[in-house]
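Worksheet for the structure shown next.
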Amino acid sequence: MAKYDPSKVEAKWRSRWESQATDKVDLVGAKKPFYNLMMFPYPSAEGLHVGNLFAFVGSDIQGRYHRLLGYDVFEPMGFDAFGMHSENFALKNNRHPAELIPKNIERFRESQLKKVGLMIDWSHQVDTTSPEYYRWTQWMFVMLYKNGLAYRKTGPVNWCPSCKTVLAAEQVIDGECERCQSEVTKKEMAQWYFKTTAFAGELLDELDRLDWSERTKLAQRNWIGRSQGAEVVFKFADGTPFSVFTTRPDTLYGATYMVFSPEHPLVDQIVTPEQAPFVKAYRDEVARLTEIDRQAENREKTGVFTGAMAVNPVNDSLIPIWIADYVLMGYGTGAIMAVPAHDARDHEFAVKFGLPIIEVVSGGEDVQKQAYTGDGDLVNSDRFNGLEAKTKGLTAITEMLAAKNLAKFTTNYRLRDWCVSRQRYWGPPIPIIYCDKCGIVPVPEKDLPVMLPTLSDYRPDGTGRSPLTRDESFHKVKCPTCGESALRETDVSDNFLCSAWYFYRYPSTDFSDRPFDDEMTKKWLPVDLYVGGNEHAVLHLLYSRWLCRALNHCGYIDFQEPYKRFVAHGMIVSNGAKMSKSRGNIINPDLYIDEFGADSFRMYLMFMGAYLEGGDFRDGGVKAMKGFLDRLVAACLAPEGQTLSQKPPTEAESLFWLNSTVKAVGQDIARFSYNTAIARLMELVNFMTKNKVRSQSISETLTRLLAPFAPHLAEELWESLGHSQSVFDSGWPLYDEAACRRPEVEYVIQVNGKVRGKLSLAVGLTEAEIEPLVMENPGVAKWLEGKTLVKKIYVPDKLVNLVVK
RNA sequence: GCGAGAGUGGCGGAACUGGCAGACGCACCGGUCUUAGGAGCCGGCGGUUUUAACCAUAGGGGUUCAAGUCCCCUCUCUCGCACCA
């Protein structure tokens with residue numbers, strides 16, 4: 001190699017990898033399978049984003065590293081091409097997504113992904129919009145339905161007026177649509193749901209055992225949100241029972257009123273004629289509020305009295321029933337007992353409406369002024385007085401009621417069922433048919449896929465009905481059971497369903513008669529390593545965990561968690577600011593790759609910050625990295641026996657550099673500390689350059705260490721160093737632990753904790769051996785004059801600290 | 001409000017179980033080569049003062065022979081959840 005020209009080198013190796021199928025894995029014969037998964041991208045018209053590349057390169061390094069370690073690494077790629085993003089883009093540009101998507105995919109793969117040097121086995125590509133794929137997405141839906149994990153329900157849903165569709169709770173971020181940031185409103189609609197709550201407890205508990213990034217687990221824990229307490233039966237004045245959920249059954253004696261959610265169905269039955277107009281007005285007002293209004297911070301409590309009374313089961317006292325929007329229909333039973341003395345929200349409400357506040361737990365200052373939520377003993381609670389409230393008191397009161405069938409211990413989760421229907425066009429049609437005679441009929445498996453028809457007008461109309469409803473030939477069908485006229489479901493499913501199972505498909509793309517093959521799945525799943533962005537913590541990552549449990553529950557797979565390990569990478573910013581079109585600081589990866597090469601670009605992305613934390617992309621960084629690779633090439637390929645420096649390094653020194661670099665780079669890659677791994681490579685190159693060291697073994701080792709980061713260049717160097725096979729078949733270099741220690745160590749000599757001298761000494765000397773040397777040291781002796789030595793601290797091979805007075 | 005994480009030179013960032021703070025790189029400064037340098041190579045680069053010290057890891061206290069690292073308090077930022085009973 002004369003001079004390092006990345007464009008030539010990269011083109012050469014790209015075509016060689018392709019012609020020799022270097023990245024293709026023998027899925028059946030693999031001996032040490034390693035499934036290295038990255039989050040498949042949405043093929044946008046704008047092209048790949050640096051964020052995508054940052055994620056992919058970090059993952060690819062793991063794939064290549066494992067390959068060097070001797071694993072059969074399967075690193076597939078696909079396209080998450082259904083969904084509103086594509087549809088909205090097509091709408092805006094007056095095109096059809098079916099026409100745009102294939103072009104985008106082509107561009108992503110051919111002119112972007114393939115140029116980055118990812119070790120992708122393209123023979124297993126997946127495209128969620130192809131009928132061969134979404135046939136099985138629909139199969140998942142039917143499977144879930146048949147197993148009671150999918151159901152249709154009418155109720156309040158999140159509606160995005162801009163996207164003109166409903167959204168799942170997970171897709172509403174701070175009251176706004178995850179896609180378009182419009183304010184989400186509530187609507188009453190019939191929708192399809194998946195019973196994500198069915199596995200809420202397992203999904204939460206299993207997190208403790210998962211090898212995942214802590215922050216991802218934390219986000220899921222918060223989202224699933226378990227609270228333990230009791231369901232307590234109260235009665236209306238006429239004796240009709242109803243129940244409420246509370247985490248503090250110990251405070252039952254302090255319940256001074258009840259609150260129902262405004263949407264609660266029982267409100268109509270209990271409201272008294274005098275209060276009815278006020279209740280109606282309040283409910284209307286609440287219905288008009290958006291989620292943002294309703295959740296607004298520090299919002300003053302509102303509510304009205306229903307006129308009805310309830311009986312407290314512990315003491316038969318009569319307490320008023322109110323409705324207020326601080327009680328949510330979707331949680332617990334949609335009704336609460338209010339204990340203003342020991343709950344801040346109830347306290348605020350009670351103060352505003354002049355409701356009584358009764359202290360039942362001791363320890364607070366003045367519960368009339370402020371709710372006390374801390375620990376204490378029960379008071380004003382009959383025979384339970386004196387018991388420690390949150391422990392013994394809670395148990396005793398609940399058990400007393402439970403004996404009368406008036407309470408039971410329960411657990412509630414914040415998690416809601418996954419609303420999966422979408423009133424949009426660009427998605428997999430929900431495979432359901434409604435028949436007057438047979439009711440809900442899932443489309444039989446032999447009739448799948450339900451093909452998405454090509455509609456010229458696919459614009460959502462905001463009526464709450466999908467555009468597909470306008471296609472009569474699609475909408476009107478015969479019932480598969482009885483043959484009578486029936487109507488097809490026209491909603492499509494949430495595109496998070498497509499992505500919830502794609503990694504089962506990759507190893508099984510050769511099978512057209514099943515979603516995934518048992519043998520392949522046994523061999524390759526669960527995924528060994530999944531690297532991706534944490535923004536999917538409670539979306540894709542939660543949905544796919546749930547679906548995995550569902551598949552397991554229904555007997556299709558024998559594992560319960562889809563990913564053995566998940567690592568969340570950081571976010572990258574551009575020159576200190578978040579990347580955005582309006583700031584004009586979007587980075588176009590293609591420009592850098594064209595000018596400096598993919599290897600320099602990859603390495604800079606990995607060097608600019610800690611991979612798990614994110615980094616700051618600075619102009620000039622890629623160029624500097626190209627400069628480093630130039631120096632590396634020069635150092636590796638320098639002619640042997642060139643002029644050596646005046647003081648050539650000893651054999652031991654060279655060995656130290658070589659071995660300690662191998663050790664450190666391996667450890668750093670394993671913990672995703674790519675920036676420090678690259679720094680190590682730089683140090684080794686600096687050592688070689690500075691000392692004019694040229695040795696075949698150092699060059700070869702350096703090349704192999706470089707390979708995961710800069711694969712094209714590593715191949716080229718490996719060839720130049722006289723090898724004919726791929727560097728990725730050469731194995732990861734081994735190191736000698738003993739040689740990782742410096743031949744000489746520099747002892748730090750401190751006096752009273754301050755550095756006063758240094759001594760270069762052989763490794764492994766004892767305290768007695770070095771003591772005279774320390775005392776003689778002129779820099780040290782000066783600080784000892786006229787002082788008494790009180791204490792000596794000796795840390796082998798590191799430091800001596802003399803404490804004097 | 002609750003929970004988690006973070007705060008280190010002009011900048012991006014290092015520092016594993018407490019043991020030389022600032023690895024590695026960018027920017028900058030100086031030198032060299034050159035018709036030229038926005039190329040290459042060599043050197044310097046936290047601050048105050050200069051033979052030698054002292055001060056520095058958001059701020060304040062503490063533990064220790066020794067603290068960026070451990071403990072307590074305060075401030076700031078980022079993220080997650082948020083009227084979830």
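Chain letters run A, B, ... following the sequence lines, proteins first, then strands; residues in each count from 1.
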Between B:C54, B:C24, B:C42, which nucleotide gets closest to the side-chain atoms of A:A679? B:C24
Side chain of A:R756 (C-beta onward), nearest among B:C54, B:C24, B:C41: B:C54
Please pick, from B:C24, B:G43, B:C20, the nucleotide with the shortest atom-to-atom distance to any side-chain atom of A:V748. B:C20
Any strand counts, and the cut-off is 3.5 Å on both contacts for Watson-Crick or G-U wobble. Which nucleotide pairs with B:A21? none
Of the nucleotides B:C20, B:A82, B:G19, which one has an atom closest to the side chain of A:E746? B:C20
Heavy atoms only, 4.0 Å cut-off, all strands: where does A:Q667 land among base, sugar-phosphate and nothing? nothing
How would you label the contact of A:R221 with the nucleic acid (heavy atoms, under 4.0 Å): base, sugar-phosphate, or nothing? nothing
Would you call the rings of A:F349 and A:Y257 parallel, tilted or perpendicular, where under 30° means parallel and over 60° means perpendicular? parallel
Residue A:L218, side-chain heavy atoms: nucleotide from B:G25, B:A85, B:A4 that is nearest: B:A4
Rounded distance (nearest 0.5 Å) linking atom CD of A:Q228 with atom CG of A:L394: 10.5 Å
Among B:C83, B:G19, B:G25, which is the nearest nucleotide to the side chain of A:N801? B:G19
Of the nucleotides B:A82, B:A85, B:C65, which has the atom closest to the A:V803 side chain? B:C65
Using a 4.0 Å heavy-atom cut-off across all strands, classify A:N686 as base, sugar-phosphate, or nothing. sugar-phosphate
Where the side chain of A:T676 is concerned, which of B:A85, B:A14, B:C54 is the nearest nucleotide? B:A14
Compare the minimum distances between each of B:C24, B:C20, B:C41 and the side chain of A:M682, then state the nucleotide with the smallest one. B:C24
For B:G3, does either OP1 or OP2 sit under 4.0 Å from a side-chain N or O belonging to A:W223? no
Nearest heavy-atom approach of A:L539 to A:E178 is CD1-OE2, 3.9 Å
Looking at B:A85, I'd like to know if its phosphate oxygens (OP1 or OP2) sit under 4.0 Å from a side-chain N or O belonging to A:N412. no
Students often get this wrong, so: under 4.0 angstrom with heavy atoms, is A:A610 touching a base, only sugar-phosphate, or nothing? sugar-phosphate
Mind telling me whether A:Y611 and A:F672 have parallel, tilted or perpendicular rings, with 30° and 60° as the class edges? parallel
Does A:K791 place a side-chain N or O at less than 4.0 Å from the phosphate oxygens OP1/OP2 of B:C65? yes
Minimum-distance nucleotide to A:D616 side chain [options: B:A14, B:G12, B:G80]: B:G12
State, without any angle test, whether A:Y372 and A:E359 hold a side-chain donor-acceptor pair at a distance under 3.5 Å. no
Distance-only donor-acceptor test (3.5 Å): side chain A:K792, base B:C65: no
Under 4.0 Å: is that the gap between some side-chain N or O of A:K754 and OP1 or OP2 of B:C55? yes
Within 90° of 0 counts as syn, otherwise anti: where does B:G38 fall? anti
Partner of A:L204 under side-chain contact (heavy atoms from CB on, under 4.5 Å), chosen from A:W223, A:Y413, A:F199: A:Y413
Heavy atoms only, 4.0 Å cut-off, all strands: where does A:V327 land among base, sugar-phosphate and nothing? base
Does A:R226 reach a base, just sugar-phosphate, or nothing at all? Heavy atoms under 4.0 Å. nothing
Which part of the nucleic acid, if any, lies within reach of A:R414 when heavy atoms closer than 4.0 Å are counted: base, sugar-phosphate only, or nothing? base
Base, sugar-phosphate alone, or nothing: which one does A:L799 contact when heavy atoms must sit under 4.0 Å apart? base
Need one value for A:F607: base, sugar-phosphate or nothing, where a base atom within 4.0 Å counts as base even if backbone is also close, heavy atoms only. base
Paired with B:A27 by Watson-Crick or G-U wobble geometry, both distances under 3.5 Å: which nucleotide is it? none
